Amino acid sequence: MMRGKREYWQNWAENLSAHPESFHYPQTIEEVQQIIDSCRIRGKTLKVVGASHSFSAVAKPDEEALSLEEMRGLIAVDRSLMEATFWAGTYLYEAAPLLASANMAFENMGDIQEQTIGGAISTGTHGTGKYLASLSNQVVAWTWVDGNGQIRHHRREDDDLSKALSISLGLLGVLVKVTIRTVPLYSLTVTTEKKSFKDAKAAWTNALEAHRHIEWFYFPGVETVQVKSMDMIPLAKQNFRSKSLEFIKDGVIETVGFKLMSEMVRVKPRLSRKVTKFAAATIPTGSKDGYYYEMFPSNRLVKFTECEYAIPLVDFEACLEEMHDFLKAHPFYVHFPIECRVSAGEDAFLSPTQGVAVAYLAFHMYKGMDNGPYFKWVDTLMRKYRGRPHFGKLNTLTSNDTKKLYPHLEHFHAVRRQCDPQGIFLTDYMKGLL
């Protein structure tokens with residue numbers, strides 16, 4: 001077990017940083033127990049940092065930090081049950097190919113694969129698909145070390161502990177192993193189209209039913225939407241030509257081109273509308289095929305800050321119409337498209353879906369630019385449409401807000417107090433949030 005001295009911590013977006021007193025890198029569950037016992041005896045808080053890909057302070061350590069970097073990999077597969085068990089520190093970009101080697105797959109993934117499985121599960125990381133839920137919902141069993149230093153194991157049932165574990169924000173203990181319900185390995189065809197706002201909106205309802213996955217990139221205040229759909233096809237790996245074109249698009253166009261445009265906007269914010277129109281006019285279209293884990297992720301090479309809200313799916317079109325009308329007349333200094341996805345409802349106490357189908361709307365601002373006015377407007381609008389923020393993204397939630405938005409919050413607290421009676425995992429941010 002390695003223990004560092006005041007190692008510097010910073011999240012991916014570089015909008016948050018900390019200097020924890022100690023940084024732990026356990027290699028075994030027993031070492032995790034020792035670290036928790038030590039924190040409990042010394043009265044220190046402990047935060048598991050995951051891949052630090054959250055934009056909010058959900059993974060920010062106050063006093064002591066723990067990384068599961070040394071606890072990664074596929075532990076076991078059960079082909080009869082189609083289940084796979086991973087160490088929680090395994091990165092998603094590692095996990096999917098490991099599953100593929102056993103002809104198994106995640107049912108769904110998000111568009112970022114740099115997170116750890118433990119972090120993605122704990123924060124409710126999701127992809128898109130009307131009848132598909134988050135990665136948390138694919139978990140059938142959890143193994144964790146609670147605040148008493150005890151190793152706990154639980155298999156999903158219709159009970160409070162399962163609903164608390166499903167999206168726990170790391171408040172019930174250190175998650176060390178997860179068992180995932182998998183599906184047979186599959187491939188996807190991805191089609192990207194450019195449509196007018198009017199045409200895309202008219203096709204929205206049918207598109208949700210016609211495709212396994214549907215995703216929009218709406219350019220703020222511009223009459224253009226990039227529509228991305230995905231459907232299952234016979235098993236096929238992405239070919240070399242497709243990978244090469246993707247490398248050029250992501251490595252050259254995004255890294256060089258989009259970053260250059262972003263820097264122009266950062267220096268001269270008034271250029272944001274012109275850059276948005278240019279980006280909307282030049283968005284790439286076409287199709288590609290490959291294994292699902294080759295198709296889902298998108299490289300995020302230009303850094304940004306982000307907030308994201310889940311609103312009831314039935315309110316999406318009205319919300320989008322109001323958003324579009326406002327942004328046409330009142331442009332903010334923003335040139336990133338708004339990402340629109342959908343998800344099935346989940347029963348986790350802290351799920352932003354609260355059991356109903358939702359639309360997720362994600363708003364981005366280039367790193368180094370003031371996101372205050374834009375994100376404040378977003379928050380006000382989302383509250384009107386009963387929006388619940390993604391806990392891993394920037395938000396203005398207070399404990400009063402959380403009580404109103406999460407009617408089963410006290411059930412979660414009852415489980416949390418039982419798992420962590422001394423509040424070892426309650427950082428200052430978590431206290432303010434919950």
Side-chain angles (χ1 to χ4, degrees), residues 50 68 71-113 115-144 152-169 172 175-188 212-213 230-232 235 291-297 341-358 415:
L68 295 172
M71 300 176 70
R72 292 157 42 205
L74 179 62
I75 298 170
V77 296
D78 185 329
R79 288 182 173 83
S80 63
L81 294 176
M82 287 298 287
E83 295 178 357
T85 301
F86 286 95
W87 289 110
T90 311
Y91 295 101
L92 291 176
Y93 64 79
E94 299 172 321
L98 287 171
L99 279 180
S101 67
N103 290 315
M104 302 165 83
F106 290 112
E107 182 182 47
N108 197 12
M109 289 180 69
D111 61 357
I112 301 291
Q113 60 176 351
Q115 307 103 316
T116 63
I117 290 181
I121 287 167
S122 298
T123 55
T125 292
H126 62 91
T128 187
K130 184 179 179 181
Y131 301 104
L132 300 167
S134 73
L135 187 63
S136 307
N137 209 55
Q138 298 171 48
V139 179
V140 294
W142 305 262
T143 299
W144 76 105
R152 304 278 297 275
H153 180 79
H154 186 70
R155 191 164 179 90
R156 186 184 289 273
E157 300 175 13
D158 184 18
D159 62 351
D160 282 5
L161 183 54
S162 296
K163 293 174 184 178
L165 281 166
S166 193
I167 299 178
S168 68
L169 307 183
L172 307 186
L175 187 62
V176 290
K177 295 181 187 178
V178 291
T179 301
I180 306 288
R181 179 192 70 248
T182 71
V183 298
L185 180 63
Y186 60 97
S187 291
L188 293 171
R212 190 176 194 263
H213 311 274
M230 303 186 199
D231 292 289
M232 293 178 70
L235 205 59
Y291 289 151
Y292 77 101
Y293 62 85
E294 297 173 315
M295 299 294 102
F296 280 133
R341 294 175 287 177
V342 294
S343 175
E346 302 177 37
D347 65 0
F349 290 146
L350 297 184
S351 171
T353 72
Q354 287 300 291
V356 302
V358 298
V415 175

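What you see is a predicted model, and the numbers here were worked out from it, not measured in a lab. Only heavy atoms go into these numbers, but all of them, side chains included; no hydrogens, no water, no symmetry mates.
Here the closest non-hydrogen pair linking M71 and W87 is O-CB, 3.1 Å. Annotation for Y292 and L185: closest pair CE2-CD1, 3.8 Å, computed over non-hydrogen atoms. Nearest heavy atom pair, residue A105 against residue L99, reads C-CD1, 3.9 Å. Residues S136 and G124 come closest through the heavy atom pair OG-CA, 3.5 Å. Nearest heavy-atom pair, R156 versus S162, reported as atom, atom and distance to 0.1 Å: CA-OG, 3.4 Å. In terms of heavy-atom proximity, T123 sits nearest to L169 at CA-CD2, 4.3 Å.
With S168 contributing its side chain and A164 its backbone, the two residues share no donor-acceptor pair below 3.5 Å. Judged purely by atom type and a 3.5 angstrom limit, Q138 uses its side chain to pair as donor or acceptor with the backbone of N108. Here the side chain of T116 pairs no donor or acceptor atom with the backbone of Y91 at under 3.5 angstrom. At least one donor-acceptor pair closer than 3.5 Å links the side chain of W144 to the backbone N or O of L172. Panel note: side chain T182, backbone M82; a donor-acceptor pair is recorded below 3.5 Å. Although no hydrogens or angles enter the test, the distance criterion places no donor-acceptor pair under 3.5 Å between the side chain of S122 and the main chain of G119.
The one candidate from V342, D231, T128 that meets the side-chain contact (heavy atoms from CB on, under 4.5 Å) condition with H213 is T128.
For residues 119-142, the set of pairs meeting the salt bridge (Lys or Arg N to Asp or Glu O under 4.0 Å) definition, not counting sequence neighbours, comprises K130-E209.
Residues M109 and Y293 form a side-chain contact, since some pair of their non-hydrogen atoms from C-beta on lies under 4.5 Å apart. No side-chain heavy atom of R152 sits under 4.5 Å from any side-chain heavy atom of V176. In this structure, M230 and R212 have side chains that are not in contact, with every pair of non-hydrogen atoms separated by 4.5 Å or more. Between D111 and P297, every side-chain heavy-atom pair lies at or beyond the 4.5 Å cut-off. The closest side-chain heavy-atom distance from L98 to F86 is below 4.5 Å. Taking 4.5 Å as the limit, some side-chain heavy atom of T125 sits within range of a side-chain heavy atom of Q115.
The CG atom of L161 sits 11.5 Å away from atom NZ of K163, with the distance rounded to the nearest 0.5 Å. For the atom pair D158 CG and D347 CG, the distance stands at 6.5 Å (nearest 0.5 Å). Distance check: E294 CD to S187 OG gives 7.5 Å after rounding to the nearest 0.5 Å.
For the residue pair S134 / E346, a side-chain donor-acceptor distance below 3.5 Å is found, with atom types taken as modelled.
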Item to check | side-chain contact (heavy atoms from CB on, under 4.5 Å) between I121 and I180, intermediate numbers included | outcome: CA-CA 10 Å; I121 287 167; I180 306 288; 4.3 Å; yes
Checklist entry - When you look at N137 and H126, which way does the side-chain hydrogen bond (donor to acceptor under 3.5 Å, both in side chains) test go after all the steps? => result CA-CA 9 Å; N137 209 55; H126 62 91; over 6 Å; no
Item to check | Check against side-chain contact (heavy atoms from CB on, under 4.5 Å), I167 and F349 | outcome: CA-CA 7 Å; I167 299 178; F349 290 146; over 6 Å; no
Checklist entry - Going through the checks in order, is the side-chain contact (heavy atoms from CB on, under 4.5 Å) test met by Y291 and L188? => result CA-CA 6 Å; Y291 289 151; L188 293 171; over 6 Å; no
Next on the checklist: The test is side-chain contact (heavy atoms from CB on, under 4.5 Å); show your working for I117 and L175 and say whether it passes.
Outcome noted: CA-CA 10 Å; I117 290 181; L175 187 62; over 6 Å; no
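Ring geometry for Y186 against F296 counts as perpendicular: the plane angle is over 60°, on a 0 to 90° scale with 30° as the lower cut.
The residues R155 and E83 are annotated as salt-bridged, a charged nitrogen and a carboxylate oxygen being separated by less than 4.0 angstrom.
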